[in-house]
**Student:** 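Sending over a structure as structure tokens; questions will come in a sec.
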Amino acid sequence: MKDINSLPLIMVHDVDYVYSNGTIALKQVSLNIKKGEFIAIMGQNGAGKTTLIRTFNGLIRPTKGSIYLEGENIDSKTIATISKKVGVIFQNPMHQLFSNTLEDEIKFSLKSLNLDKEEIQIKVDQILKEFDLEKYRKRSPLNLSGGESKKLAIASIICRDPDILVFDEPTLGQDAKEINFFLGLIKNELKRGKTIIMVTHNIEFTIEHAPRIILMGGGQIIADGPTQSIFTNEFLISKSSLIMPQIYLFKKELQKIGITIPKEVIRESEIISFLDNYLESKSTI
Amino acid sequence: MSLEFLSAFKFLKKETFLHNLDPRAKLLLAITYTISALLFQEIIPLLLLLITLFPVIIIGRLFKKWLESVKGMSFLYIFIIVLNTLFINENGLSFAIAMILRISIMISAFSLFFLTVDPNDLALSLISMKIPYEYAFSFSLAFRFVPTIAIETQNIIDAQQSRGYEMQKKGIINQIRNLFPLLVPLIVSSIKRAFNVAEALESRSFGSKKGRTFYYTIRYSLKDWIFSLYLIFLLTFSIYVKINFMLMPLWFRWSLPL
């Protein structure tokens, strides 16, 4: 028998998905995701990104091919069972908030985990504190601001402690403070050994923080690899209708005045430190 | 659960006799069949009514879509059979089947209407029936949002299922309680969308001019009159049959012994 740690956490094998109106959303998609990875799925609208993440917790079942979770085919498993391991957080938080209070909203997510009342209360207190929502605990979720309701939607999935967190456009419509909060959250979850998958159009955020990118187009995977190699490949970026990152254009401009920054240096912090060293070496001369 | 069956209520552009009929004639079809279906509680007359819809469905080349709409309501049919057989002692099963047929007729008639009427034509036809433009526009707008709401409902179901919500729960109380996680977000987002649409319309000076002219106009043609006369005949005949129901042959009044 194979050791469970040697298996990919999620294995997508030759998956096709065709909607009832005949639209082919996924075509021969295959990929492996290891435990503890942080992956960004990118591509133009209609590329199949959201359809792909919906197959991860069984919301939609592939027309062809299979999805394996920890080596087990999820085909025969219910959404309720899979969602204990795979938590999908959707783009619009208003699609899931309905309870009278924030506290009840979190409790609803915990109900299906067969916990006793005290355990549920402990978890509710803990998660509201972690997400800085304690002060609103008795307030209606419908009266929260956009950023706060997004936080609550994330909290209502994280409280279930799934091994895999899948975010659909987590930074969309968020201000800088909220994006920073989200960043802190994913760093924390990664430290706890969780696997993070994020569908996004936010190039700058992805470059800075996600080590691996899956580029999609026309229902297929166009490229899958380290961020450095993908965001320095102009052909791939234009093929997936994305635009080259600001930082890449900045590097190109610097090159025109004779400062060549190595190809693999693409993050803001790396470029700052490279330029610091460069200027220091110049001044010493 | 999938709400894909709601696509059976979304306008589908085709070139058929039914599609080319005036929207008012098709509205008359939906109303005629609904009233006729409500007149009867017996299997045979309802079955005959449903059969009379088949040629219309075939002419409109909509058999597949119609089947989807009927199939999509199968959970409701099971619900009707179980409830009626449990709670109605006399002829419970017969009554349940009759109710299923009645609902099927009404769904089919409205499905035909939604599938074949362009929302823009609907507004025009309502205006020609002397309904104020604001109301006619609102009606056609509501009509246009049916598929949007269907997509939104599916998204809500997906979002709730992702946190362990189970759609099928045992017991009627549980089933009703189970609707709240779906209905509250749906109502809230629908109200929000309504406000957004209203603001978008007002920012484009909606209603600033009372008199309106229209690029397209619609007219009741000969084929519409013939179709409408057929429907009026059908409705009159249904009412006649209902009034003289006890005089009808025994096979017509047949019901299951259960």
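Proteins come first, then strands; the chains are lettered A, B, ... in the order of their sequence lines, and each starts at number 1. This one's a predicted model, so the numbers in the text were calculated from it and none came from an experiment.
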**Student:** Quick one: does any side-chain atom of Y165(B) pair with a main-chain N or O of N178(B) as donor and acceptor, under 3.5 Å?
**Tutor:**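 Indeed, once roles are kept as given, a pair shorter than 3.5 Å links the two residues.
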**Student:** Looking at L142(A), L59(A), I89(A), V166(A), which has the largest count of heavy-atom pairs under 4.5 Å with chain B?
**Tutor:**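 Greatest number of close heavy-atom pairs with chain B: L59(A).
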**Student:** Consider only side-chain N and O atoms of R193(B) and T148(B), and report whether a donor and an acceptor are under 3.5 Å apart.
**Tutor:**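 Short answer, no.
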**Student:** Answer yes or no: is there a donor N or O on one side and an acceptor on the other, between the side chain of K151(A) and the main chain of L133(A), under 3.5 Å?
**Tutor:**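 No, K151(A) side chain to L133(A) backbone: no donor-acceptor pair under 3.5 Å.
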**Student:** Which answer fits L97(A), side chain, backbone, both or neither, if we ask what part of it has an atom under 4.5 Å from a heavy atom of chain B?
**Tutor:**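 The backbone, not the side chain.
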**Student:** If you count the non-hydrogen atoms of other residues, nucleotides and ligands that lie under 6.0 Å from NZ in K117(A), is the total more than 12?
**Tutor:**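 No, because the 6.0 Å sphere around NZ of K117(A) holds 12 heavy atoms or fewer from other groups.
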**Student:** Mark yes or no for whether E148(A), through its side chain, and S145(A), through its backbone, hold a donor-acceptor pair below 3.5 Å.
**Tutor:**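 Yes, because the side chain of E148(A) sits within donor-acceptor range (under 3.5 Å) of the backbone of S145(A).
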**Student:** Side chains of Q161(B) and S83(A): donor-acceptor distance under 3.5 Å anywhere?
**Tutor:**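 Q161(B) vs S83(A): no donor-acceptor pair found between side chains.
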**Student:** When the ring planes of Y133(B) and F206(B) are compared, do they come out parallel, tilted or perpendicular, using 30° and 60° as the limits?
**Tutor:**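 Tilted.
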**Student:** Using a 4.5 Å heavy-atom cutoff, which residues in residues 72-81 of chain A come close to chain B?
**Tutor:**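 Answer by number: I79(A), A80(A).
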